[in-house]
Undergrad: 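Below is one structure. I have some questions about it.
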There are 2 protein chains.
Amino acid sequence: METLRERKKRRTRESLLRAALELFTTQGYEHTTVDEIAEAVDVSQRTFFRYFAGKEEVAFAVQNITEAAFVAAVRARPPHEAPMKALRQAFLEGWDAIRETVESIVPVELYLRMYRTIESTPALLAAHLRRSAATEETIARLLAEREGVDVDTDPRPRLAVAVFAAVIRVTERQCCVREDFGPEALRTLSAAHLDQVGSALTGNWRGA
Amino acid sequence: METLRERKKRRTRESLLRAALELFTTQGYEHTTVDEIAEAVDVSQRTFFRYFAGKEEVAFAVQNITEAAFVAAVRARPPHEAPMKALRQAFLEGWDAIRETVESIVPVELYLRMYRTIESTPALLAAHLRRSAATEETIARLLAEREGVDVDTDPRPRLAVAVFAAVIRVTERQCCVREDFGPEALRTLSAAHLDQVGSALTGNWRGA
DNA sequence: CAGGCTAGTGACAGTCGCTGACAGTTGACA
DNA sequence: TGTCAACTGTCAGCGACTGTCACTAGCCTG
């Protein structure tokens, strides 16, 4: 059971979050001031900073959740599964669950719009990539543990995760550029790209 | 022939650059103010911003040069070479030339120290990853042109570059952590890691 | 070589992200 | 009901960055 205080807090936080995403996606991240966000929810600027460490953090609040969900999905894969297969399955099968989690906080449509804003705003893209790098590290350690190898001496965990993440990023970007950025497109495209990694690494591509 | 004005300008710029890197690497990026950098060279803060768009830009001034050199090295590879091989050779063989280029601006030792500072400063790491992403895009287009494929419909150029970049990044990070961060270590390690990508992607790793 | 032109600079004021300090208010709980 | 802790607003300040304006130093022409 939630106390009144907690309810109020949660409401303020979610209002700030939604207002921020709405402003970011409509008028751009850089052109949105923290004062504006606070004003839209009718709290002081200082209060905003009590809920979010900074302007950047609110932009990634939803991604935080999806990333955590993905890590959990990897952790839940059967331990006998081969590493790359586990990553692949966690991503493809976990997609719907992640989507539901997002929907409980903000409309998925707003989330997708925000994703595009991140891709097209240098400062946010930079932060996104750094955060991805941190997640990669987490998953690399997870895989290493699963497979019983040492993450600091055996490069394979980090290599595998780095390659997987690279493929996902390429896919995400392609989805962002196109108009048909739906859950299905991302799933089928990433499956296709994961299949093509092998052939992309060997030989030249002219002989079709 | 360089005019007096141009000489003065170049000297001011390089002084600012060296002073900035020196301060960043000794007392940290965050704890160094633009005022300090300007003061160290005895110019006004406003002048600093006339030479560098921001505090971040001066931190990556040297990386700018090395990245450009790498892109040029890839462009110079014989066109019949397979894509991944071209990347690999450009990186391994171009290393010495890049090193010389750096030395002409700042001591290599300072460059390496700065590299570590970048890796260990969140804001700089984020910027570094974003810049790397931009370079990846450049090289992907270059490879696509070489191979005569369309970069927007064929995912292989971006996939190959992304994988290559991921391997290099993993290697760089490992070199940063260790103490023996010399030119040799990076070269041999990246070669080894590039060889291991294949085996990292297939099967599980337990059966040694 | 005198005088004008312009690039480069410094000084100053202002915006925005962000933080610390302090005081007021509101919900929780005895 | 009164106390306490959590939450909030106000204010003052720092650092990154920008616009403006006046001034100086190098250059270029007559």
Undergrad: How many Å lie between CD on A/Glu30 and P on C/dG17, as a whole number?
TA: 10 Å

Undergrad: Rounding to an integer number of Å, can you tell me how far A/Gln45 CD sits from C/dA21 C1'?
TA: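 The answer, rounded to whole Å, is 15 Å.
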
Undergrad: Could you pick out which residue, A/Thr33 or A/Glu6, lies toward the 5' side of DNA chain C when each is mapped onto its nearest nucleotide?
TA: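 On the 5' side of the pair lies A/Thr33.
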
Undergrad: Can you find a side-chain donor-acceptor pair between A/Thr135 and A/Ser132 that sits under 3.5 Å?
TA: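 No, because no side-chain N or O of A/Thr135 sits under 3.5 Å from a partner of the opposite role on A/Ser132.
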
Undergrad: Would you call the rings of B/Phe164 and B/Phe70 parallel, tilted or perpendicular if under 30° counts as parallel and over 60° as perpendicular?
TA: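 Parallel.
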
Undergrad: Counting heavy atoms from C-beta on, name the nucleotide in C/dA11, D/dG15, D/dC17 closest to the side chain of B/Arg50.
TA: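 Between C/dA11, D/dG15, D/dC17, the one nearest the side chain of B/Arg50 would be C/dA11.
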
Undergrad: Does A/Tyr51 reach a base, just sugar-phosphate, or nothing at all? Heavy atoms under 4.0 Å.
TA: sugar-phosphate

Undergrad: Nearest whole Å is fine: how far is D/dT10 P from A/Asp35 CG?
TA: 12 Å

Undergrad: Among D/dA25, C/dC18, D/dC7, which is the nearest nucleotide to the side chain of B/Arg5?
TA: D/dA25

Undergrad: Quick one: is C/dA7 close enough that its OP1 or OP2 comes under 4.0 Å of any side-chain N or O from B/Lys9?
TA: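 For B/Lys9, the contact criterion (side-chain N or O under 4.0 Å from OP1 or OP2 of C/dA7) is not met.
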
Undergrad: Rounded to whole Å, how long is the line connecting atom CZ of A/Arg13 with atom C1' of D/dA6?
TA: 17 Å

Undergrad: Write down the distance between CD (A/Glu39) and P (C/dC16), rounded to a whole number of angstrom.
TA: 12 Å

Undergrad: Looking only at side chains, do A/Tyr115 and A/Glu172 share a donor and an acceptor under 3.5 Å apart?
TA: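 Yes, A/Glu172 and A/Tyr115 have a side-chain donor paired with an acceptor closer than 3.5 Å.
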
Undergrad: Give a yes or no on whether the backbone of B/Ala144 and the side-chain of B/Glu147 come within a donor-acceptor separation of less than 3.5 Å.
TA: no

Undergrad: Once you round it to whole Å, what is the distance between C1' of C/dC16 and OH of A/Tyr29?
TA: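 Whole-Å distance recorded here is 12 Å.
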
Undergrad: Determine whether the side chains of B/Glu67 and B/Gln63 contain a donor N or O and an acceptor N or O closer than 3.5 Å.
TA: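 No.
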
Undergrad: OP1, OP2 of D/dG26 versus side-chain N and O of B/Lys8: anything below 4.0 Å?
TA: yes

Undergrad: Could you check how far CZ of A/Phe48 sits from C1' of C/dC16, rounded to whole Å?
TA: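 Those two atoms, CZ and C1', are 13 Å apart.
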
Undergrad: Kindly point out which of D/dG26, C/dG17, C/dG20 is positioned nearest to the side chain of A/Arg46?
TA: C/dG20

Undergrad: Heavy atoms from C-beta onward define the side chain here; which of D/dT20, C/dC18, C/dA21 lies closest to that of A/Lys55?
TA: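 Within the option list, the nearest is C/dC18.
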
Undergrad: Given that A/Thr12 and B/Phe49 both sit by DNA chain D, which one's nearest nucleotide is further toward the 5' end?
TA: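 The 5'-side residue here is A/Thr12.
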
Undergrad: What is the distance, rounded to the nearest whole Å, between atom CZ of B/Phe52 and atom P of D/dA16?
TA: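 The distance from CZ of B/Phe52 to P of D/dA16 comes to 15 Å, rounded to the nearest Å.
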
